[in-house]
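Chain naming here is simple, since letters A, B, ... match the order of the sequence lines and numbering starts at 1 in each. Just so it is clear, the model here is predicted, and its values are computed rather than measured.
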There are 2 protein chains.
Amino acid sequence: MVTMSDVARLAGVSTMTVSNVVNNRPGVSGPVRTRVQEAIRQSGYRVNTSARTLRSGRTGVIGLAVPEIGRSYFGLLAAHVIEQAGRLGFHVAVEQTGAAADGELDAIAHSHTLHFDGLILSAVGLDSRDRRLAEADYPIVMLGEQDYGGRLDHVAMPNEEGTRAATAHLIERGCRRVAVVTGGALEGVNVVTRRYQGYLAAHADRGLTPDPALRFAVTAMSPEGGRDAAHRLADSGLAIDGVVCVTDTVAQGVLRGLADRGLRVPDDIRLVGYDDIPEAAMMVPSLSTVAPDHRWMAATAVELVVGRIHDGGRPASEHVAPFELMARESTR
Amino acid sequence: MVTMSDVARLAGVSTMTVSNVVNNRPGVSGPVRTRVQEAIRQSGYRVNTSARTLRSGRTGVIGLAVPEIGRSYFGLLAAHVIEQAGRLGFHVAVEQTGAAADGELDAIAHSHTLHFDGLILSAVGLDSRDRRLAEADYPIVMLGEQDYGGRLDHVAMPNEEGTRAATAHLIERGCRRVAVVTGGALEGVNVVTRRYQGYLAAHADRGLTPDPALRFAVTAMSPEGGRDAAHRLADSGLAIDGVVCVTDTVAQGVLRGLADRGLRVPDDIRLVGYDDIPEAAMMVPSLSTVAPDHRWMAATAVELVVGRIHDGGRPASEHVAPFELMARESTR
DNA sequence: TTGTATGCGTTATCAC
DNA sequence: GTGATAACGCATACAA
């Protein structure tokens, strides 16, 4: 391995000068800088991150903890986070939490162990008011989860507003009996609750009260969970002409489950999701959905961690992503 | 930050003894070991990875370079790799290469810089015979790409065999004019070429020669690329009763594109993909596809890197994943 | 503008 | 079975 001393010897300077050149610091004359750069090129020198980290306490790596990287939504999010972090000179290590509070706490502990400079936590099981979260002594940004504590930086989705708009969209399209497929086991989770409230709010806005029987809880926030819910929905015999889904991933399964029962979308039932995953536009029928600005969210989250890495004392802030309602075939 | 010396002081031993306990080394008496463990627990000590790395040259992190983590297939793969690596005590850092040789070379360079212990490279733009790949002086495993060089460990997909089986499946279902939607810009890429050859082979097996006009090249290996190809396919006016797609991701777009033109699957045209991404079973109609064992691939790749980390001299080996043909609604 | 000394936390080596 | 010491490669503080 070629070290700074090697480069220094080659360029006829001290290691310190090499260090200054490598880190683009001022205080090195033009000729010397060029000579050092040439020596670096020739020798194929690469900074040793570990040594730098040991010395400076920075790793240049941001942790990203998501429930499951295999789910489109989180894959998409990760893609944006990795891209944005790269722009700011950081690398990203991905953790999978398995959508459980335990996994999320593990991610925090791991981050500590691995000396990530900061952590972006897409939490579903962990409440940001969790004591153990606040105990972490380094930058954490919560992503995609509604927060109340205000102790941590937060990039939230327009959960209530988005679902409200989605539900309103169905009603405006003429739906009179709108069902909602929402979280089951994850009942306590804010994102689920807030979206459900959006569904209620859209009804309330029009002086309506939805039939409680039209609320279907998934057993899992997955296509399989959605499919199962759709079966129950279809088999219930209830008159239903619209469905609001808690996520696109669930909506995928709902669409499939309705097809299983011979129900056509949008002819028999209209359907709307949340997230605008890449598949949404490609589904048959294409899925109407709430599209929060994912790139904005990723960029904001990265900026927040990086900002906090450089200035840990800054007060926590909360940001809500803008969104757009994508009206596609499933509600035509 | 609490260091080994802190623990050592607390336990009344030397740092070396603490190190031995932390690393589960022999040569520490029972009582002392217990005392040290207790001190670790009390103090909340965590090893400093950077220091350990600096000293030992190992980071405990494996790099995973994929074209786009946002695509289902790679997200799924990453999920499995992360899981398997965790099982063996390694963390995973994900790089995005953007499906370009440049990005892939960057990943190699980055790995070097960050001192990953090894790299799993899901290459599409880079040929494993590339000189620069072989120059890398640390463990690299190629994933999902057919190799000929034999210089690197390789976990390949059953590209030709899989597509051959998929094509045969269509023919057995009664299709007489089977089109293929294959790679365009990525023409030189092995995975695409091999799959196309599987399409040809299935025909040759039956003494058939497919009409060259039935070959449609996508402009991008994405749903959008597939959709566009489907439009051209439908607008060609050619009699086509089956389509073999190079990937499920492309097939998603093809299905969508056929729907755009009022063509129904499987009634008008049968469709088969490759990969068995999670969405395949949830699509309407559900997508028949070639299902390589992703978990097996991830596990094998991780074992290979880890094995090579411990024994760099071992000769390179090549492994081909088993697969299964999933017959679903799109070919019914 | 450039160089020297020192220490970050850990582990390999060797002495006890 | 345990401990003292040096060294990994880099960057901070300060001297020149």
Check the pair Trp296(B), Val155(B) against side-chain contact (heavy atoms from CB on, under 4.5 Å), reporting the backbone distance first and the verdict last. CA-CA 10 Å; Trp296(B) 181 94; Val155(B) 181; 4.1 Å; yes
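Of all the heavy atoms in Ala301(A) and Leu143(A), the pair that sits closest is CB-CD1, 4.1 Å. Between Gln84(A) and Ala298(A), the shortest heavy-atom contact is CG-C, 4.3 Å. Heavy-atom minimum distance, Thr17(A) versus Val28(A): CG2-CG1, 4.2 Å.
Where Ala51(B) and Val32(B) meet DNA chain D, the nucleotide closest to each residue was compared, and Val32(B) sits on the side nearer the 5' end.
Although no hydrogens or angles enter the test, the distance criterion places a donor-acceptor pair under 3.5 Å between the side chain of Ser43(B) and the main chain of Ala39(B).
Residue-level contact check: Val28(A) touches the backbone only, with heavy atoms under 4.0 Å from sugar-phosphate atoms and none from bases.
Counting only heavy atoms from C-beta on, Asn23(A) has its side chain closest to dA11(D) among dT11(C), dA11(D), dT2(C). If you check dT12(D), dT11(C), dT2(C) against the side chain of Arg25(A), the one that comes closest is dT12(D). With distances taken from any side-chain atom of Thr17(A) to the nucleotides dG9(D), dG3(C), dT11(C), the minimum falls on dG3(C). In the set dC10(D), dT2(D), dT10(C), the nucleotide with an atom closest to the side chain of Ser29(B) is dT2(D).
Rounded to whole Å, atom C1' of dC14(C) lies 14 Å from atom CG of Asn20(B). Here the C1' atom of nucleotide dG9(D) and the CG atom of Asp6(A) are 10 Å apart, to the nearest Å. Summarising the geometry, the separation between CE on Met4(B) and C1' on dT2(D) is reported as 15 Å, rounded to the nearest angstrom. Across the protein-nucleic acid pair, Arg9(A) atom CZ and dG3(C) atom P stand 14 Å apart, rounded to whole Å.
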Pairwise N/O distances under 3.5 Å, protein to nucleotides 14-16 of chain D:
none

Set out, line by line, the N/O atom pairs under 3.5 Å between protein and nucleotides 4-6 of chain D.
none

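Inter-residue side-chain proximity for Val66(A) and Leu64(A) is flagged as met; some heavy-atom pair is nearer than 4.5 Å.
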